[in-house]
Amino acid sequence: MPDIDSPRRRSLHGHWSSRLAFVLAVSGSAVGLGNIWRFPYVAGENGGGAFVLVYLVCVFAIGLPIMMAEILIGRRGRRNPVATMALLGEEESGTPAWRWVGIFGVVGGVIILSYYSVIAGWAVGYIFESASGAFTNATVAEVEGTFGDLIGDPLVAGAWHTLFMFISVFVVARGVERGLEQAVRVLMPALIGLLLMLLGYSMMQGAFQEGVEFLFEPRFDELTGGSILEAMGQAFFTLSVGMGAIMAYGAYLPEEASITRTSIAVVLADTGVALLAALVIFPIVFANDMDPASGPGLVFQSLPVAFGQMPGGVIVATIFFVLLTFAAWTSAISLMEPAVAWCMETLEYTRVQAASVVGCIIWLIGVLTVLSFGPLSEVRFLRGTLFDNFDYLTNNIMLPVGGLLIVLFAGWIMAENSSADEIDPEAGLVYRLWRFAARVVAPIAVILVLLNALGLFSSG
Ligand code: PFF
């Protein structure tokens, strides 16, 4: 029996083998489609420059303290996010009602993965398109045609979605350590290496200057309440914070590992990959007269044009989409983990049963996203298509609200002793900085951005 009464609990599902393993796993969760697919297209839709600046501020001022809060809560509770929040809520404030934060997260993860898997499926499909030479010397129009055929046919897109969900369930069913650690150790450096190589291509063949200006020259007049909310939503999404994924991973973190150093390493790696991806993509977009604001298809339409023109492009493109699939895969696993851990602990399912049931539910919801790029693409309400609404609801509302509750809990509800115990028992400068960010900076920033986007300051 786990010792429920001791603040030093043991994890119910084993531990990461080392601090490095944890850093890799959390980086694997953070680095994914959010960096390579979503960041460039959302930055493009929101005018670049100023958006990127707001995004960076959100990552460091809001995302980092929330990531630390999630890890410390996770490690202290050592259970799935629902049980952990109930347990710590009871312990710190006498009410288990905080479990709702965990439930909110489990549901958020399920919805996010439902569409995430569809986009990841596109990447899987592109592995085969690339390997077959479909992009060799292809014009922009031809690449756009290939993309349109893939996403517009529900049977094709649905098949790739199914395959991606299948491989995700497979790894989660095998257990966190065996499946994940080994994969991330090799794939992460490979992804960064390939992006650096593509950066070389972009610098030589793309409109590099124009790309850099678009990304880094702040044009504040283009910033609206809506785009500030987008930037904050992107910061949450890319760091995987706000829904308990990192909390679930924190439950397996060994006692002695430093939460601060781990979080900083992950945030830097994640931000680096996002900026690198954008620096590769925009010069290619501008050199080929493409539209930076073209939306979710941006990466799938711009990069293949470049691959098609470069020597050895078939191989480079194939490797790129393999790596993108893997990056998405390691994120998908973390999106499932809270729900799977919950099923195992509450419904007493085995890991294999839990992963299969959760996987089927997510797959089914994902079919709606598949259809929203095909037969249902004209069905529009609120924010746009079904996909647009899932994306908006999770990233711009659920993650920030979830993150806000998590950071309020860690900063205001938890006793100073408890949080210091996890971050730094000496309660030194770093701890005090974190506590200030968790109590004041992050909550106020999230609330202001949400209110601003609702138009309360009449700028959104
Ligand atoms: N951070 C992942 C990405 O950037 O692709 C997506 C993600 C994973 C979001 C896990 C949320 C999460 F809990």
Side-chain angles (χ1 to χ4, degrees), residues 24-43 55 58-59 63-64 66-67 69-71 74 80-81 101-102 104-123 164 168 171-172 176 180 184 187-188 191 195 230-251 263 266-267 269-278 296 299 323-342 358 362 390-403 406:
L24 287 171
V26 178
S27 312
S29 165
V31 175
L33 295 173
N35 307 62
I36 296 166
W37 159 73
R38 196 171 191 277
F39 176 65
Y41 98 74
V42 179
Y55 156 80
C58 289
V59 162
L64 179 60
I66 297 185
M67 178 174 284
E70 278 205 31
I71 300 177
N80 72 76
V101 175
F104 198 66
V106 167
V107 174
V110 167
I111 304 179
I112 294 177
L113 186 53
S114 76
Y115 66 79
Y116 200 86
S117 164
V118 176
I119 314 295
W122 298 350
F164 184 80
S168 302
V171 176
V172 176
V176 178
L180 198 61
V184 186
L187 298 169
M188 198 66 115
L191 181 69
L195 279 174
E230 285 286 347
M232 187 172 78
Q234 172 63 22
F236 276 89
F237 184 77
T238 192
L239 296 179
S240 308
V241 294
M243 52 143 286
I246 302 293
M247 199 184 287
Y249 276 10
S263 307
V266 171
V267 169
D270 186 75
T271 311
V273 173
L275 292 178
L276 204 55
V299 173
L323 290 176
L324 185 59
T325 302
F326 275 109
W329 193 8
T330 52
S331 301
I333 290 161
S334 73
L335 281 160
M336 275 180 82
E337 186 61 23
V340 169
W342 179 82
V358 170
I362 294 173
F390 282 143
D391 177 85
Y392 190 88
L393 172 73
T394 50
N395 298 349
N396 295 359
I397 300 173
M398 293 182 78
L399 295 185
V401 172
I406 289 171

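Read the numbers this way: they start at 1 and go in the same order the structure lists the ligands and their atoms.
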| message | Donor-acceptor pair, distance only, cut-off 3.5 Å: does the side chain of Thr271 make one with the backbone of Val267? | response | yes
| message | Given 3.5 Å as the limit, does a donor-acceptor pair link the side chain of Glu70 with the main chain of Val241, or not? | response |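 Judged by distance alone, no pair lies under 3.5 Å.
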Quick check on contacts: which atoms of ligand 1 are under 4.0 angstrom from a heavy atom of [X]?
| X | value |
| --- | --- |
| Ala245 | 13 (F) |
| Met243 | 12 (C), 13 (F) |
| Leu33 | 5 (O) |
| Asn35 | 4 (O) |

Does [X], backbone or side chain, put an N or O under 3.5 Å from an N or O of ligand 1?
| X | answer |
| --- | --- |
| Gly34 | yes |
| Ala30 | yes |
| Asp270 | no |
| Phe237 | yes |

| query | Any idea which protein heavy atom is nearest atom 12 (C) of ligand 1, and the distance to it? | reply | Leu335 CD2, 3.3 Å
| query | For atom 8 (C) of ligand 1, which protein heavy atom lies nearest, and how many Å away is it? | reply |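 For this ligand atom, the closest protein heavy atom is Ser240 OG, 3.3 Å.
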| query | For Ser331 and Gly32, which heavy atoms make the closest approach, and how far apart are they? | reply |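 The answer is OG-CA, 3.6 Å.
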| query | Looking at Phe236 and Pro400, what are the two nearest heavy atoms and their distance? | reply | CZ-CA, 3.7 Å
| request: Return the orientation label for the Trp37 and Trp122 ring planes: parallel under 30°, perpendicular over 60°, tilted otherwise. | output: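 Judged by the thresholds at 30° and 60°, the geometry between Trp37 and Trp122 is perpendicular.
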| query | Can you find a pair of side-chain heavy atoms, one from Val59 and one from Leu64, that are under 4.5 Å apart? | reply | no
| task | Using heavy-atom distances, let me know which of Gly32, Ser29, Ala120 sits nearest atom 2 (C) of ligand 1. | result |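 The residue whose heavy atom sits nearest atom 2 (C) of ligand 1 is Ser29.
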| field | Short side-chain donor-acceptor distance under 3.5 Å, Glu230 and Asn396 | value |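 Judged by distance alone, the side chains do pair up.
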| task | Please name the residue in the list Thr330, Ile246, Asp270 that meets the side chain to side chain contact (heavy atoms under 4.5 Å, CB included) test with Ser29. | result | Ile246
| field | side chain to side chain contact (heavy atoms under 4.5 Å, CB included) partner of Ile362, the single match among Ile111, Ile112, Leu113 | value |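 Between Ile362 and the candidates, side chain to side chain contact (heavy atoms under 4.5 Å, CB included) is satisfied uniquely by Leu113.
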| request: Tell me which part of Ser334 gets within contact of ligand 1: side chain, backbone, both or neither, using heavy atoms under 4.0 Å. | output: side chain
| message | Please confirm whether Tyr116 approaches ligand 1 to less than 4.0 Å, judged on its heavy atoms. | response | yes
